[in-house]
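By convention in this document, chain letters (A, B, ...) are assigned in the order of the sequence lines, proteins followed by strands, and residues within each chain are numbered from 1. The model shown is predicted, which means the values in this text are computed figures rather than measured ones.
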Amino acid sequence: MDAEQYQSIEQQITPPTPYLKNVLKAFLIGGIICTIGHAITYFYIIFFDFTEKTSGNPTVATMVLIAAILTGLGLYRKLGQFAGAGSAVPVTGFSNAVVSAAIEGRTEGLVLGVGSNIFKLAGSVILFGVFSAFFVALIKLILVSLGVVEW
Amino acid sequence: MKKMALTFFFVPFFLVGCSSANEQTIRIYNESEVGGVRADVEGVIAETDEVYNGIAVFVEDELLVSLQVKPWLAFKKQKIEERVQKQFDEQYPDLNVLVSTDFKLYWESEKLLEEKDQQKVVDEVQKLKELAKEET
């Protein structure tokens, strides 16, 4: 059997990827996660002295904490299997990436295991997040100093 | 088939949010002695088409206007806020006016509408104005 034959057989056997179904699942679960986040925002606005502007930080912290606990209990993995990108794109996915990497490295010790593995997956998010924030701020600074836009 | 039926069963629940009345509601708490201002405030809010709910709390020389902007225009919130603020500032230069589209201020001023104790309202309005400045 040559490579081409193998490929055609492989394509025949592989079940088709249900793109539409996956997209719908991701949309629904991602939407539900965001709705929960919004409910937490309103919780902080109504019961504490947070405004719409300031309630973002505690909301993100709470969502990260919930996702971290769910990851520790092994429940977030099930959600991830079902929803795919729907559970990975919101901030809870970031938390899952950090915590699962930390759990993975636990056997190698606290410093070399957990310490060096914790940002294995999320490190790139932080790096490019900081980098793009810096870049956007730089562009805005240039535009403001040229007088095109205001702060 | 069963799944499909279940999906269609839930459709009305999702669409129910679209059916609410689209009329503007404006409520005003007025304990101030300045006469005739009430109608003016109501007029300014009514003129702003982007707003669907407005509450104006008016005590001593403090005026707190909290607005709820239509959901699709949420990204223009700040501009609407600035425009209405300017309008009020020009109309009442001797009043301490704050216009806000923040939900927190709307929620709290809704509670103030029922409040009888005027001093309490003044304190609360000042507290809310401080809160609106908070950045962190």
Side-chain angles (χ1 to χ4, degrees), chain A residues 18-65 81-84 86 90-91 129-130 133 136-137 139-141 143-144 147-151, chain B residues 3-4 6-11 13-17 51-53 55 57 64-83 85-86 98-112 114 123-136:
Chain A
Y19 286 111
L20 190 73
K21 206 173 153 194
N22 286 351
V23 167
L24 275 177
K25 274 184 193 169
F27 177 77
L28 265 180
I29 300 295
I32 289 169
I33 291 173
C34 294
T35 313
I36 294 168
H38 219 88
I40 293 171
T41 304
Y42 277 125
F43 169 77
Y44 280 119
I45 289 176
I46 290 169
F47 295 107
F48 296 95
D49 278 349
F50 286 106
T51 56
E52 265 178 46
K53 208 171 14 180
T54 56
S55 60
N57 296 340
T59 306
V60 170
T62 313
M63 289 304 279
V64 165
L65 181 71
Q81 270 167 1
F82 178 74
V91 74
V130 171
V136 170
I139 292 171
K140 183 141 190 197
L141 179 71
L143 287 180
V144 169
V148 184
V149 287
E150 280 175 42
W151 278 115
Chain B
K3 262 187 187 172
M4 194 95 136
L6 204 68
T7 314
F8 278 109
F9 176 74
F10 281 110
V11 164
F13 293 103
F14 291 122
L15 290 178
V16 95
V51 167
Y52 69 91
N53 269 336
I55 294 178
V57 179
L64 176 71
V65 183
S66 32
L67 308 169
Q68 284 292 280
V69 177
K70 285 177 184 164
W72 287 108
L73 300 165
F75 290 109
K76 288 186 183 171
K77 258 182 182 179
Q78 215 173 352
K79 278 195 177 150
I80 295 163
E81 208 175 280
E82 278 167 20
R83 203 185 66 213
Q85 175 82 49
K86 214 175 150 193
L98 180 80
V99 179
S100 176
T101 52
D102 205 292
F103 181 71
K104 174 73 179 173
L105 273 78
Y106 182 81
W107 180 265
E108 293 294 335
S109 23
E110 200 166 34
K111 280 195 235 163
L112 288 182
E114 312 287 316
D123 292 346
E124 189 66 22
V125 166
Q126 272 161 358
K127 196 187 132 199
L128 285 178
K129 282 186 177 180
E130 283 295 310
L131 204 62
K133 281 186 211 152
E134 189 73 54
E135 293 278 350
T136 50

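Taking OG1 from A/T51 and CD from B/E108, the interatomic distance works out to 11.5 Å, rounded to the nearest 0.5 Å. Atom CD in B/Q78 sits 7.5 Å away from atom NZ in A/K53 (nearest 0.5 Å).
Only the side chain of B/L105 comes within less than 4.5 Å of a heavy atom in chain A; its backbone stays farther off. B/T101 touches chain A through its backbone: at least one of N, CA, C or O sits under 4.5 Å from a heavy atom, while the side chain does not. Proximity to chain B is limited to the side chain of A/Y42, based on heavy atoms less than 4.5 angstrom apart.
Under a 3.5 Å cut-off, the side chain of B/K104 and the backbone N or O of A/F50 do not form any donor-acceptor pair.
A 6.0 Å sphere centred on NZ of B/K111 holds more than 12 heavy atoms belonging to other residues, nucleotides or ligands.
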